[in-house]
Amino acid sequence: MNDSFLSNVSEEWMDSLYAAWQRDAASVSEEWRIFFSGFQLGLAEPGRAAGGTDETRALKQAAVFLLTLRYRNVGHLLACTDPLSPCRLEHPLLALSA
């Protein structure tokens with residue numbers, strides 16, 4: 001059984017709400033304005049919404065992914081487990097530039 005919010009929404013109603021937002025954004029509630037703004041952003045050309053080319057965007061995403069993996073693998077090295085000794089605040093493998 002699918003109890004999703006969208007399973008209770010008719011396409012016609014959603015289309016009319018979207019058309020109303022396109023005519024005058026203030027005619028819909030703030031939540032729907034935010035939703036439709038995000039929807040429009042998703043329809044924008046790839047690379048434009050993120051402010052760069054696809055290659056630049058892919059490199060940035062790869063860097064974030066690698067940093068996440070490094071935190072998973074060596075993040076424990078920055079854990080502050082001894083209250084009597086100073087905590088390390090940096091590690092070369094966990095720097096943004098690494």
Side-chain angles (χ1 to χ4, degrees):
M1 184 169 151
N2 187 0
D3 288 335
S4 168
F5 162 74
L6 293 177
S7 65
N8 296 321
V9 174
S10 74
E11 291 180 35
E12 295 81 17
W13 179 77
M14 183 69 85
D15 287 342
S16 68
L17 198 60
Y18 182 59
W21 175 80
Q22 286 179 315
R23 284 189 305 276
D24 179 22
S27 67
V28 298
S29 69
E30 181 182 0
E31 292 84 8
W32 283 112
R33 283 193 300 267
I34 293 168
F35 175 82
F36 289 132
S37 295
F39 183 73
Q40 283 295 112
L41 183 63
L43 291 177
E45 289 182 33
R48 282 185 137 189
T53 64
D54 287 338
E55 183 180 347
T56 304
R57 198 166 149 211
L59 289 173
K60 287 180 181 180
Q61 287 177 339
V64 169
F65 177 72
L66 291 174
L67 182 61
T68 303
L69 287 179
R70 287 195 302 265
Y71 263 96
R72 287 180 182 171
N73 292 329
V74 295
H76 65 280
L77 296 175
L78 291 180
C80 192
T81 57
D82 184 0
L84 300 177
S85 64
C87 297
R88 290 185 63 181
L89 301 177
E90 295 178 2
H91 191 280
L93 292 174
L94 299 175
L96 288 175
S97 60

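Numbers here are sequence positions counted from 1.
Between Ala20 and Ser27, the shortest heavy-atom distance links the atoms O-OG, 3.2 Å. The two residues His91 and Arg88 make their nearest non-hydrogen contact at CD2-NH2, 3.5 Å. The heavy-atom pair separating Trp21 from Val28 by the smallest distance is CD1-CG2, 3.7 Å.
Under the 4.5 Å side-chain heavy-atom criterion for Ile, Leu, Val, Met, Phe, Trp and Tyr, Trp13 and Phe36 are members of the same hydrophobic cluster. Linking Ile, Leu, Val, Met, Phe, Trp and Tyr whenever their side-chain heavy atoms come within less than 4.5 Å puts Tyr18 and Met14 in one cluster.
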query: Which is it for Glu31 and Phe35 under the side chain to side chain contact (heavy atoms under 4.5 Å, CB included) test, yes or no, and what are the steps along the way?
result: CA-CA 6 Å; Glu31 292 84 8; Phe35 175 82; over 6 Å; no
Hey, can you pull the donor-acceptor pairs under 3.5 Å for the side chains in residues 74-82, sequence neighbours left out?
residue, atom, partner, partner atom, Å
Asp82, OD1, Leu84, N, 3.1
Asp82, OD2, Ser85, OG, 3.3

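Atom CZ in Arg72 sits 11.0 Å away from atom CG in Leu67 (nearest 0.5 Å).
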